[in-house]
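Data first, discussion second: the structure below is written as structure tokens.
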Amino acid sequence: MLIVVYSVTVLLAIASNVLNVVATVVPKWLISNAGQQTYGLFLVCSGDHCRPYPRADKGDCEQDNELFCPLWQAAGAGMILAGVVGALTLVALLGTLCSSSRKRERGWKLVAGMMMMHAVPSAVAVVIMIDLEVPGTYRGPSVTLALVAWSTSALMGISILYFATRGNYGHRYEQLTTPRIG
């Protein structure tokens, strides 16, 4: 039974990280109402042509809100930070799964904390991007991907922490064995 729980945990962690990376890289955070321009955290694209965004020398920062460019850049930095922490979380998760049962009991708390640390910068980036407005645009699929990524990480972190602190410490973990070939 535990092997199923471990497998689901790993798959959800990988899925959350993949969604986070895709949301960061795909320039579809905002889409113009005419559908001709898409805005990403680092690029604005018109058809096949993309350029860095936002850029002060291109007039991108001359919005009514003087904090527009710093906030947009903070959202991009938050998503990058979430990606780095997400990768480290996968390493911690695999280390926890491959360790002895005593270390595994302690490792789940670390993994839960790292899942929450993965969720926080991504959540902040989503909130910033929902608050920022570019006239004539609506939110694109990258916002949804980032929202699902941080929600999954947060729920997993809370769930893992709950079961790690409430777990039956008299219960022995199942050994993870590798199948023998031949």
Side-chain angles (χ1 to χ4, degrees), residues 1-31 38-45 50 52-54 69-132 139-167 173-174 176 178:
M1 178 64 184
L2 283 178
I3 201 78
V4 172
V5 174
Y6 296 162
S7 300
V8 169
T9 302
V10 170
L11 289 176
L12 284 174
I14 290 170
S16 176
N17 284 310
V18 167
L19 289 174
N20 187 77
V21 170
V22 170
T24 304
V25 176
V26 174
K28 295 207 184 251
W29 283 78
L30 295 175
I31 300 172
T38 59
Y39 297 83
L41 293 174
F42 310 103
L43 297 172
V44 62
C45 298
C50 295
Y53 184 83
C69 280
L71 285 173
W72 194 285
Q73 292 164 348
M79 290 300 289
I80 290 172
L81 178 62
V84 170
V85 173
L88 293 174
T89 301
L90 287 177
V91 171
L93 180 59
L94 292 177
T96 298
L97 290 175
C98 295
S99 63
S100 66
S101 63
R102 180 174 292 137
K103 289 182 181 177
R104 201 174 308 142
E105 287 176 8
R106 288 180 277 153
W108 285 116
K109 292 176 187 170
L110 171 70
V111 169
M114 291 187 75
M115 292 298 272
M116 296 305 290
M117 288 190 324
H118 174 247
V120 169
S122 182
V124 169
V126 169
V127 168
I128 288 171
M129 293 305 291
I130 287 174
D131 187 50
L132 286 178
R139 280 151 196 77
S142 292
V143 175
T144 305
L145 293 176
L147 181 68
V148 170
W150 78 257
S151 299
T152 302
S153 289
L155 289 174
M156 283 182 58
I158 291 167
S159 300
I160 290 170
L161 186 60
Y162 175 78
F163 288 110
T165 57
R166 300 259 185 221
Y173 283 95
E174 291 179 24
L176 296 177
T178 56

Mind listing the side-chain donor-acceptor pairs of residues 38-45 below 3.5 Å, one per line with the distance, residues two or more places apart or on another chain?
{"unit_1": "T38", "atom_1": "OG1", "unit_2": "P27", "atom_2": "O", "d": "3.1"}
{"unit_1": "Y39", "atom_1": "OH", "unit_2": "Q37", "atom_2": "OE1", "d": "3.0"}

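- A distance of 7.0 Å separates CD1 of I14 from CG of L94, quoted to the nearest 0.5 Å.
- Between T96 and S99 the shortest heavy-atom distance is O-OG, 2.8 Å.
- Among residues two or more places apart in sequence or in another chain, the side-chain hydrogen bond (donor to acceptor under 3.5 Å, both in side chains) test is passed with T89 by none.
- Note on residues 140-151: no pairs pass side chain to side chain donor-acceptor pair (under 3.5 Å), not counting sequence neighbours.
- M79 places none of its side-chain heavy atoms less than 4.5 Å from the side chain of P121.
- Listed for the S16 side chain is no donor-acceptor partner under 3.5 Å among the backbone atoms of A13.
- Residues I31 and P141 are in side-chain contact: their nearest non-hydrogen atoms beyond the backbone lie under 4.5 Å apart.
- Between the side chain of W29 and the backbone N or O of I130 there is no donor-acceptor pair closer than 3.5 Å.
- For residues 112-121, every residue pair satisfying the side chain to side chain donor-acceptor pair (under 3.5 Å) rule, not counting sequence neighbours, is listed here: N17-H118, H118-S153.
- Taking each heavy atom of Q73 and P54 in turn, the nearest pair found is NE2-O, 4.2 Å.
- In this structure, the separation between CG on L93 and SG on C98 is 9.0 Å, given to the nearest 0.5 Å.
- Scanning all heavy atoms of the two residues, the minimum distance from M156 to M115 falls at CE-CE, 3.3 Å.
- Every residue meeting the side-chain contact (heavy atoms from CB on, under 4.5 Å) condition with L19, not counting sequence neighbours, appears here in chain and number order: L145, V148, A149.
- Between the OG1 atom of T9 and the CH2 atom of W108 there is a distance of 5.0 Å, given to the nearest 0.5 Å.
- The CG atom of L155 sits 10.0 Å away from the CG atom of L12 when rounded to the nearest 0.5 Å.
- Residues meeting the side-chain contact (heavy atoms from CB on, under 4.5 Å) test with I158, sequence neighbours left out: M116.
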